[in-house]
Amino acid sequence: MNPLIPLVYTEEIREAVHEGRPVVALESNVITHGLKYPHNAETAHQVEEAVRKGGSVPATICVEDGALKIGMTERDIERFAGEPGIPKVSSRDLPVVLARGGRGATTVASSLVAAELAGIPFFSSAGLGGVHRGAQTTMDVSSDLIQLTRSKVAVVCAGAKMILDLKLTMEYLETQCVPVIAHGSDDFPAFYCSSSGVRSPHRIDDEDLIARTVALHWAAGHPGGVVITTPPRAEDAVDPAEADAAIEAALARAERDGVGGQDLTKYLMHAVDQATGGRTAQANMAVLISTAETGGRMAAAFARTSTARR
Ligand code: PSU
Ligand code: MN
């Protein structure tokens with residue numbers, strides 16, 4: 001462990017990591033910035049339960065008192081869910097918040113940093129950040145993608161957020177040598193929708209084979225992660241035409257209001273939720289939960305192959 005960075009584990013997670021039992025890391029920014037109270041707290045609990053149902057131990061990550069918390073207690077989650085003003089902490093913000101002894105909610109990117117430091121090789125969330133629409137001029141590419149090239153953590157998700165340019169997001173992952181494996185679909189999913197219209201480079205439905213693929217990527221010396229997608233369940237998915245119309249309107253509003261930088265993702269997600277009468281927020285919660293269960297199963301499969309190799 002790096003002595004400069006305090007890691008505060010819950011007892012359960014410390015033991016699980018120590019014994020090589022499967023753990024799935026989870027982000028906290030979706031609690032503070034993605035969903036509204038009290039749905040955020042309820043969803044965070046359901047996500048943890050779903051990881052357990054999949055056969056793994058959940059570890060929701062945050063920063064508090066200048067330490068990385070590897071596993072939030074029920075009270076921690078309730079506090080983060082209810083208190084306004086807890087900052088979004090992405091990879092570039094992490095050293096500042098740690099140095100100041102501060103706190104914050106971790107994005108996918110900073111949660112991957114924490115997961116690797118904590119010895120947790122699997123992470124799950126609903127939708128990755130990615131290349132924003134119009135990034136050709138704004139250069140807005142989520143740190144989630146860059147961090148994926150640097151942290152040895154497999155990420156189970158329902159693709160990337162639909163507000164993004166998913167074709168460019170896939171191009172980026174290809175350029176950066178990040179394997180993308182679709183589980184249960186041919187196409188790269190679009191978070192609320194089962195297809196982005198972009199075909200995934202690989203489809204593997206056998207979870208043990210996915211576990212072997214992840215192990216081989218790292219055995220080959222790659223310093224980064226693997227993206228494993230799972231589509232939203234049919235009953236949770238949003239009609240792509242409805243979602244697209246809401247996204248177009250949200251993008252126009254963001255431009256009119258001059259929103260950019262680290263506030264853009266949250267702004268767009270909320271604008272789309274409003275335009276769909278909360279339909280996309282509902283889908284977001286359902287997808288977080290179903291993805292977490294798949295993540296739990298995949299991490300368990302990976303732990304079995306790791307035990308076999310010992
Ligand atoms: N807003 C949401 N849901 C989210 C996020 C923001 O409604 O899930 C998050 C995730 O934490 C993701 C981050 O890692 O946004 C990406 O932000 P950016 O595009 O600024 O890199
Ligand atoms: Mn950005």
Side-chain angles (χ1 to χ4, degrees), residues 25-37 39-40 43-44 47 60-63 72 80-81 86-94 104-115 123-151 153 155-166 168-169 172-173 190-192 225 227 232 238 243 246-247 250-251 254-255 258-276 278-289 291-292 295:
L26 302 159
E27 62 160 310
S28 50
N29 185 58
V30 68
I31 303 174
T32 54
H33 289 69
L35 303 168
K36 299 242 159 73
Y37 190 80
H39 307 295
N40 51 359
T43 306
V47 163
T60 308
I61 310 265
C62 72
V63 189
M72 293 170 75
F80 269 59
I86 295 178
K88 167 179 177 178
V89 175
S90 198
S91 294
R92 57 119 190 228
D93 312 304
L94 190 55
T106 52
T107 61
V108 173
S110 54
S111 300
L112 295 181
V113 173
F123 170 87
S124 161
S125 188
L128 285 176
V131 180
H132 280 266
R133 302 188 191 189
Q136 296 89 332
T137 49
T138 63
M139 291 188 66
D140 192 347
V141 178
S142 173
S143 303
D144 293 356
L145 294 186
I146 287 77
Q147 196 62 55
L148 257 169
T149 71
R150 301 181 185 178
S151 297
V153 180
V155 174
V156 181
C157 58
K161 294 191 174 67
M162 199 178 170
I163 54 167
L164 302 164
D165 187 323
L166 296 179
L168 291 187
T169 299
Y172 185 90
L173 291 169
F191 189 53
Y192 326 113
V227 174
V238 177
I247 290 167
L251 286 164
E255 188 161 351
V259 181
Q262 67 166 2
D263 300 328
L264 181 64
T265 298
K266 177 178 179 176
Y267 180 97
L268 288 175
M269 300 291 286
H270 288 185
V272 172
D273 292 342
Q274 267 184 6
T276 59
R279 176 81 190 86
T280 50
Q282 278 296 334
N284 191 343
M285 291 186 261
V287 172
L288 273 164
I289 295 163
T291 308

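Just so you know, ligand 1 is whichever comes first in the structure, and atom 1 is the first atom listed for that ligand.
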Any side-chain to backbone donor/acceptor pair from Ser151 onto Val153? Under 3.5 Å, distance only.
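No, because the side chain of Ser151 does not come within donor-acceptor range (under 3.5 Å) of the backbone of Val153.
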Okay, side chain of Thr43, backbone of Asn40: is any donor-acceptor separation there less than 3.5 Å?
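Looks like no, no N/O pair under 3.5 Å.
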Student check: side-chain heavy atoms of [X] and [Y] closer than 4.5 Å:
| X | Y | answer |
| --- | --- | --- |
| Lys161 | Leu268 | no |
| Met269 | Asn284 | yes |
| Val238 | Met162 | no |

Just give me the atom name: the N, O or S atom of Asp140 closest to the Mn ion (ligand 2).
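This residue's closest N, O or S atom turns out to be OD1.
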Give me the nearest non-hydrogen protein atom to [atom] as residue plus atom name, then the distance to 0.1 Å.
| atom | answer |
| --- | --- |
| atom 2 (C) of ligand 1 | Gly34 CA, 3.4 Å |
| atom 19 (O) of ligand 1 | Thr265 OG1, 2.5 Å |
| atom 5 (C) of ligand 1 | Asn29 ND2, 3.6 Å |
| atom 21 (O) of ligand 1 | Ser142 OG, 2.6 Å |
| atom 20 (O) of ligand 1 | Lys88 NZ, 2.8 Å |
| atom 10 (C) of ligand 1 | Glu27 OE1, 3.4 Å |

Should we count CD of Gln282 as having more than 12 external heavy atoms under 6.0 Å?
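Atom CD in Gln282 is not crowded, with 12 or fewer foreign heavy atoms closer than 6.0 Å.
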If you count the non-hydrogen atoms of other residues, nucleotides and ligands that lie under 6.0 Å from CZ in Arg150, is the total more than 12?
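No, not enclosed.
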Got an N/O contact under 3.5 Å between Lys266 and ligand 1?
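The answer is no, given that Lys266 and ligand 1 share no N or O pair closer than 3.5 Å.
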Does an N or O from Ala109, backbone or side chain, lie closer than 3.5 Å to an N or O of ligand 1?
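Min N/O separation from ligand 1 is not below 3.5 Å for Ala109.
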Which option, Gln262, Lys161, His33, owns the non-hydrogen atom nearest atom 4 (C) of ligand 1?
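Result: the heavy atom closest to atom 4 (C) of ligand 1 is in Lys161.
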Start with the C-alpha gap between Tyr192 and Val272, add the side-chain angles, then the distance that decides, and say whether side chain to side chain contact (heavy atoms under 4.5 Å, CB included) holds.
CA-CA 11 Å; Tyr192 326 113; Val272 172; 3.9 Å; yes
With backbone taken as N, CA, C and O and side chain as the heavy atoms from C-beta onward, which portion of Asp144 lies under 4.0 Å from ligand 1: side chain, backbone, both, or neither?
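For Asp144, only side-chain atoms sit under 4.0 Å from ligand 1.
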Contact check, His270 vs ligand 1, heavy-atom distance below 4.0 Å
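It does not; every heavy atom stays at 4.0 Å or beyond.
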Which atoms from ligand 1 have a heavy atom of His132 less than 4.0 Å away?
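Here the atoms of ligand 1 in question are 19 (O).
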Please name all residues satisfying side-chain hydrogen bond (donor to acceptor under 3.5 Å, both in side chains) with Ser124, sequence neighbours left out, ordered by chain then number.
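Partners of Ser124 under the side-chain hydrogen bond (donor to acceptor under 3.5 Å, both in side chains) test: none.
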